[in-house]
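First comes the structure, then the notes that go with it.
All values reported here derive from a predicted model rather than from experimental measurement. Reminder, nothing fancy here: chain letters follow the sequence lines and each chain counts from 1.
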Amino acid sequence: MSKDNKSTAKKGTPLSGIGKGLREIGRTFTEGDWTAKLSFVIMGFGQLLHRQFLRGIIFLAIEIFFIYYMVTFGAVYISKLPTLGTSATYVDKSGNVPVTIYGDNSFLILLYGILSLFVLFAFLFLWRVNIRQNRQIYLLKKAGKALPTSRQDFRSLFTENFDKTLLALPNIGIFVFIVIPIIFMICIAFTNYDAQHQPPSNLFGWVGLENFKNLLSIGGSGFGSTFFTVLGWTLVWAFFATFLNYFLGMGVAILINKKGIRFKKLWRTILVMTIAIPQFVSLLYVYKLFANDGLVNAYLLKWGLIDSYIPFWSNVAIARVLIIVINLWVGIPPTMLMATGILMNIPEDLYESARIDGANAFQMFRSITLPYMLFVTGPYLLTAFTGNLNNFNVIFLLTQGNPLSMDLAGGAGYTDLLITWLYKLTVNDTNYRMAAVIGIMVFAVTAVISLVVYRLLPSVRDEEGFQ
Amino acid sequence: MKKKIVSVLLAGAMALSLAACGSAGGSGDSAGNATAGAEDSGDVDYGSGTIKIWVAEQSVDFTKEQAQKFIDENEAYSGYDINVEAVGEGDAASNMITDVASGADVFVFAQDQMARLVSAGAVSEIIGDYADFVTENNDEGSVEASKMGDSIYAFPVTSDNGYFLYYDKNVISDPSTLEGIVADCEKAGKGFYMEVNNGWYMPAFFFGAGCTLTYDTDSDGNFTAIDATYASQEGVEAMKAIVNLTKSTAFYNGSSVSNATNAAAIVDGTWDASAAKELFGNGYACAKLPTFTVDGQTYQMGGFGGFKLMGVKPQSDTGKATVCLELAKYLTSAEVQVERYKAVAWGPSNLEAQKDESVQADEALSALNEQLQYTIPQGQYPQGFWDLSTSLADDIIAGTYDNASDDQLMTALENYQATCESYVTK
Amino acid sequence: MANKNKEKKTASRSRNRKIGNAITYAILIIISIIWLFPFVGLVLQSFRSYASEYGGMVAYLMPKEFSLDNYTYLFSGDCSFVRWYLNTLIVAVCAAIFNTFMVLSVAYALSRLRFRGRTLLMQFWLILGMFPGFLTMICMYFLLQQFGLTQAGAIPGLVLVTVASSGMGYYVAKGFLDTMPKALDESARLDGASNARIAVTIILPLAKPIIIYTALTAFMAPWCDYVFASYVAFGYSKSYNVAVALQRWVWTNDYQGYFTRFCAGGVLVAIPVTILFLCLQKYYVEGVTGGAVKG
């Protein structure tokens, strides 16, 4: 950590960095020989002439590809980005059958526009790398040193550049399937892409902050009060889901690990079944168990414990409590496993000396077990909490967010989390604009909570401290 | 400088993706230009390809058979293959809207999805001879259902998308009044099932009490006007009836036979007929919906008479457009509708098919027909209407209005109606 | 006197312990019943006779007649269950192999190598991870569609998406690698071994528990992937995975009386996953305790 800190400090502000970069480009041009100068236009030229074939060919190929790409494809999409398309789809009804002639597709314009911008940035960056390499050639030659050969370049991938080799593939994957889509969806939050503006038949366009205003406007058809209701329940849910699971999981672990308890492995295995069996099977079955005419109600009625069925899923309060309780069923086992491992690490002599001092079981738990667990599992609690904020499966497979209410807009229900609401808006209503806004809000909530907790937990920040 | 390799690989990945994108982007344009084909002039080349059809699970085999027959009988269409997939009538619309390009060419959907499909441009308008075919051969309600504004967008397939009462005559002595049914159920410890929290079933009470709620549409899929009288004394009476029903220990919210574990009576449609026969065994019987009584006043339950429709995806190629329309026309013709009734018991919308003896003799269909005189043909409703109705009914079921005064009920209904009105765009 | 007191104390303590243990056993047994009940119910339902008791919901636990009707249906020609099963298996196996490779690459690089932009990268990914996954569903769908990897190509598409983004789930593996002493690498480096050589010959063999943990979790996830799998495969039943196909039986009205078949399918899905999990439980425990705590 400290090492990295120093290197960032050395870099200085980004602005001065750019200034320095520009100065270096200028110096390369003025001081460099004609091959370096030509490399400003023809990338890789200097490298090729200095027998760095691998580098030279790659740079040349990149430039050719870039020009080809921009001319045939990219430039059109970038130019359409400001409007997201103007030519509308129309239907030719002159014959006996209607024929549709599709116009601009706003979706693809936005997607390819973003992609092309990235290609542009990547190219500028590579051009800069190309310049820097030419400067390096010039400097090395001036110092009378040998230039790195292609073979050396290749070998470096397994030595000092091994990190690049390892991270190349994951980086590409994350860029294409996470970064691009996220940027795309952030853009969607500023458009009117919804059921009424659905490509390819309809265009959508930029609307500025309208969707954010809608999310925060209270009353009328605004999403304001609904958003805060759902957000409130999301936080309550995440709190209970995390801490109940945590403490009860720890409790079960203590019970199983108690001295003199036999068949430890059997108990653990039984509990662990809920991790192993896919949730879409187990939770759906549990949902049906608690239906108004499900097994639980049927047997309670039969045994005469109740006169009429308990509306487990249609009463808001019961449904919410039940969800939290059922979540224990899937949530306790992982905590139990984790706690088991950690509990074994607590030095036995701590308990021994406490016992001599006459402490009872509960006191020992409070003054030894709990502080130790909390210290060691702080980061785990944070990830568990943010994970529960986005715990889609439990809610969706149980209630799908129901019951709905007249007091909630946008098809949201009383057991909806932000994430299930987002899902419903996307899939049921194709209301992508609001889904995107809610997605950004989920991000904001997660980020704020993480940041706050992060500051409370010094152990999280001190990454190297664990080693 | 060391970043080079990462960057090169990055660029390579982009190159790959863009090459793929480029080819996909181009195909749309070329398809668009291929429209200048010759009009019907003897042997036209209709091209070739695959026609994707989406129908509900139970009619997949039937549709496959009939569509193949259609291709076999018409030499000119022999370039086309048929591919039938099981996509339910509800899902069909959502999937079509998500991605029209990958959607089916011909698909069956429930009429409540029409407005979404039209405004998303996921269903083609039907013009000329095909429009005449629809208006001339189908019952009035189904023709209305296939229209947005004055334009026709689909071929009617069935007129049986309504609901009525299945009951067990060993338990229910008199199916004509709701109070009687509920009392019998309570006595026997059995349940009366009705999916009240569904915008489709709930109007049985409101329409029965004399309320209206209908929309006008234009041909682009917009809702232009509303005629609603839910916020009225009748509305309050209807809502009271629902509140009373949901208070009963015999009430279960649900209208699906195979999810009902304890039913003595269930409000459901013809598609569940065989399941209901199975469930009630020798007690199986059907009837129109019962009457309900509020404050001494008795009303007959009403509701919707709905329709299943067959739509065609907007095509940019004249040849394929013609084949799809011809195929849809064939699959909704009198002959095939009778066959379909025999195969999967779907009640026809075609006037000629409705007169067929086997159709006339059906027990469930005659119960439905008896009920249909009290219902209105289901017109077009905005997507929000369905969610909103679920919201209102969920509140009722959760007990929010169990002890509410008339004024409170009125406030809720005013709120409901105002939101319904807010869906009108012009 | 003092001795006697002490004896009494130990006697009462052992009696206390016995009572304590009895209570503990009672609690554990109750918990076990609660935990197992749904699974027992599921299995019992799956053996209910389809022919004589119909396949819908019922309000009793014990089938009146046991039969294999539901299982026979799954393997009959009317049902593509085998195909769906294989689809899921393909995704799961590919994920187990390639995810592990990606995750370990990332974890190794971030844990044991120091390079420029390392913290920046970690912070960037941390921020990316705070965006909910479903947000980008529509965009991912169209990205895949451009490659022809939806509907008919949905299974390779799912593999691609799963593997491509797996690098971000490096935390547990990194936590594990962090605990290995740095001296291991350093002594090897002094002997002149390259980074790649150190990774393969020294670290990899020691990382066996975390490799198995990563592969196991990657293998288990696709069996429950309903949301995105149904989103990319819609309208093309040959590309469904088990979760998508079985969910439809429960949620869509078109499938009346499929509940017991759903249970049977669920049992068949659960069996191999459960067995695998129970066999490799040890590694899973090491993973959650070792890695998760390190964050």
Just so I understand: if I count every heavy-atom pair under 4.5 Å between each of [options] and chain C, which residue has the most?
| options | result |
| --- | --- |
| A/Ile275, A/Leu110, A/Val445 | A/Ile275 |
| A/Leu255, A/Ile419, A/Ile180, A/Ile261 | A/Ile261 |
| A/Leu381, A/Val281, A/Thr430 | A/Val281 |
| A/Asp163, A/Ile188, A/Thr159 | A/Asp163 |
| A/Thr340, A/Thr446, A/Ile277 | A/Ile277 |
| A/Lys258, A/Met273, A/Lys288 | A/Lys288 |

With ring centroids as reference points, do [X] and [Y] lie under 6.0 angstrom apart?
| X | Y | value |
| --- | --- | --- |
| A/Phe184 | A/Phe107 | yes |
| C/Phe131 | C/Trp125 | no |
| A/Trp329 | C/Phe39 | yes |
| C/Tyr213 | C/Tyr284 | yes |
| C/Tyr170 | C/Phe176 | no |

Please say whether more than 12 non-hydrogen atoms of neighbouring residues, nucleotides or ligands are located less than 6.0 Å from [atom1] in [X].
| X | atom1 | result |
| --- | --- | --- |
| A/Arg155 | CZ | no |
| A/Phe392 | CZ | yes |
| A/Lys264 | NZ | yes |

Engaged part of [X] at the chain A interface, taking heavy atoms whose separation is under 4.5 Å:
| X | value |
| --- | --- |
| C/Ile275 | neither |
| C/Met102 | both |
| C/Leu216 | neither |
| C/Leu28 | both |
| C/Val58 | backbone |
| C/Ile31 | side chain |
| C/Tyr60 | both |
| C/Leu278 | side chain |
| C/Met168 | both |

Name the region of [X], side chain, backbone, both or neither, that has any atom closer than 4.5 Å to a heavy atom of chain C.
| X | result |
| --- | --- |
| A/Leu271 | both |
| A/Tyr423 | side chain |
| A/Trp267 | side chain |
| A/Ile449 | neither |
| A/Tyr432 | side chain |
| A/Asn393 | side chain |
| A/Leu111 | side chain |
| A/Leu289 | side chain |
| A/Val272 | both |

For chain A, which candidate among [options] shows the most heavy-atom pairs at distances under 4.5 Å?
| options | value |
| --- | --- |
| C/Ala221, C/Pro181, C/Cys224, C/Ser194 | C/Cys224 |
| C/Leu104, C/Val163, C/Leu113 | C/Leu113 |
| C/Gly167, C/Ala59, C/Ala199 | C/Ala59 |
| C/Phe37, C/Tyr226, C/Phe262 | C/Phe262 |

side-chain contact (heavy atoms from CB on, under 4.5 Å) partners of C/Val267, counting only residues at least two apart:
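C/Val267: side-chain contact (heavy atoms from CB on, under 4.5 Å) contacts with C/Leu42, C/Val43, C/Ser46, C/Tyr71, C/Ile271.
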I want to check something: taking the side chain as every heavy atom from C-beta on, are [X] and [Y] in contact at a cut-off of under 4.5 Å?
| X | Y | result |
| --- | --- | --- |
| C/Tyr141 | C/Gln146 | no |
| C/Leu110 | C/Phe115 | yes |
| C/Ile27 | C/Ile23 | yes |
| A/Ser450 | C/Met130 | yes |

